[in-house]
Amino acid sequence: QDLNQKPTLPFPDESFDSVLCQLSIDYLTKPVKYMQEAFRVLRPGGKLIVTFSNRLFLTKAVALWTGKGDLEHMETVGSYMHQSGANLKEIRAYDLVPNSLKTRGDPLYAVVGTKAGGGLLR
């Protein structure tokens with residue numbers, strides 16, 4: 001399903017232990033709505049894992065994403081999670097490429113939001 005056209009996920013509340021958004025957050029036009037949906041379908045203690053690189057299609061990426069550095073991308077994803085209104089235990093960011101490979105490979109980062117109990121804050 002095209003999450004830019006229909007950002008709702010067709011699953012019941014608290015259906016999954018984890019949700020993965022891999023290498024696509026930079027193309028979502030409604031990332032906060034997507035985060036709301038992802039956290040809605042997560043069970044308490046579940047993790048939303050958002051991975052991304054600094055490689056992208058400039059003609060397809062949303063303007064907010066382009067022109068930012070890797071740390072700013074991590075902050076942006078963490079901000080999307082925070083803005084979702086989900087009751088989160090924590091948000092953590094990771095650089096997934098070992099130092100020994102940093103000069104020869106593509107970067108890969110993850111931001112992981114862990115859902116606390118109780119669903120959305122109201």
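Nothing here was measured: the structure is a model prediction, and the numbers come from that model.
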Do Ile91 and Val111 have side-chain heavy atoms sitting under 4.5 Å apart?
-> yes

Residues 42-52 vs salt bridge (Lys or Arg N to Asp or Glu O under 4.0 Å), sequence neighbours excluded, gives Asp17-Arg43

Review point. Using 30° and 60° as the class limits, which term best fits the ring planes of His73 and Trp65: parallel, tilted or perpendicular?
Key: parallel

Smallest heavy-atom separation, Gln36 atom then Ser84 atom, equals CG-O, 3.2 Å

Taking every heavy atom of Pro12 against every heavy atom of Val41, the minimum-distance pair comes out as O-CG1, 3.8 Å

Do Met35 and Val77 come within less than 4.5 Å of each other through their side chains, counting heavy atoms only?
-> yes

Residues Asp106 and Ser53: closest non-hydrogen pair is CB-OG, 4.5 Å

Next item on the list: Check the pair Leu3, Leu9 against side chain to side chain contact (heavy atoms under 4.5 Å, CB included), reporting the backbone distance first and the verdict last.
Entry: CA-CA 8 Å; Leu3 292 173; Leu9 299 176; 3.9 Å; yes

| message | Within the structure provided, determine whether Leu48 and Met81 are in side-chain contact (heavy-atom separation under 4.5 Å). | response | yes

Do other residues, nucleotides or ligands put more than 12 heavy atoms under 6.0 Å from the CG atom of Leu71?
no

| request: Check step by step if side chain to side chain contact (heavy atoms under 4.5 Å, CB included) holds for Tyr80 and Ile25. | output: CA-CA 10 Å; Tyr80 292 159; Ile25 191 69; 4.1 Å; yes

_If we count only N and O atoms by modelled type, under 3.5 Å, do the side chains of Ser79 and Glu75 hold a donor and an acceptor together?_
no

If only atom types and distance count, is the side chain of Glu37 paired as donor or acceptor with the main-chain N or O of Pro7 below 3.5 Å?
no

| task | Would you indicate whether the side-chain heavy atoms of Glu14 and Lys115 approach each other to under 4.5 Å? | result | yes

Could you go through the side chain to side chain contact (heavy atoms under 4.5 Å, CB included) check for Phe52 and Gln22 one step at a time?
-> CA-CA 6 Å; Phe52 55 90; Gln22 183 172 330; over 6 Å; no

Residues pairing under salt bridge (Lys or Arg N to Asp or Glu O under 4.0 Å) where one sits in residues 77-90, two or more places apart or in two chains, turn out to be Glu90-Arg92

- Looking at side-chain heavy atoms only, is the closest gap between Leu28 and Asn4 below 4.5 Å? yes

I want to check something: taking the side chain as every heavy atom from C-beta on, are Cys21 and Tyr34 in contact at a cut-off of under 4.5 Å? yes

The ring-ring contact (aromatic ring centres under 6.0 Å, His included) partners of Tyr94 (sequence neighbours excluded) come to none

Taking side chain as C-beta onward, heavy atoms only, is Leu96 less than 4.5 Å from Tyr109? no

| said: In the structure I gave you, are the side-chain heavy atoms of Lys33 and Thr8 within less than 4.5 Å of one another anywhere? | reply: yes

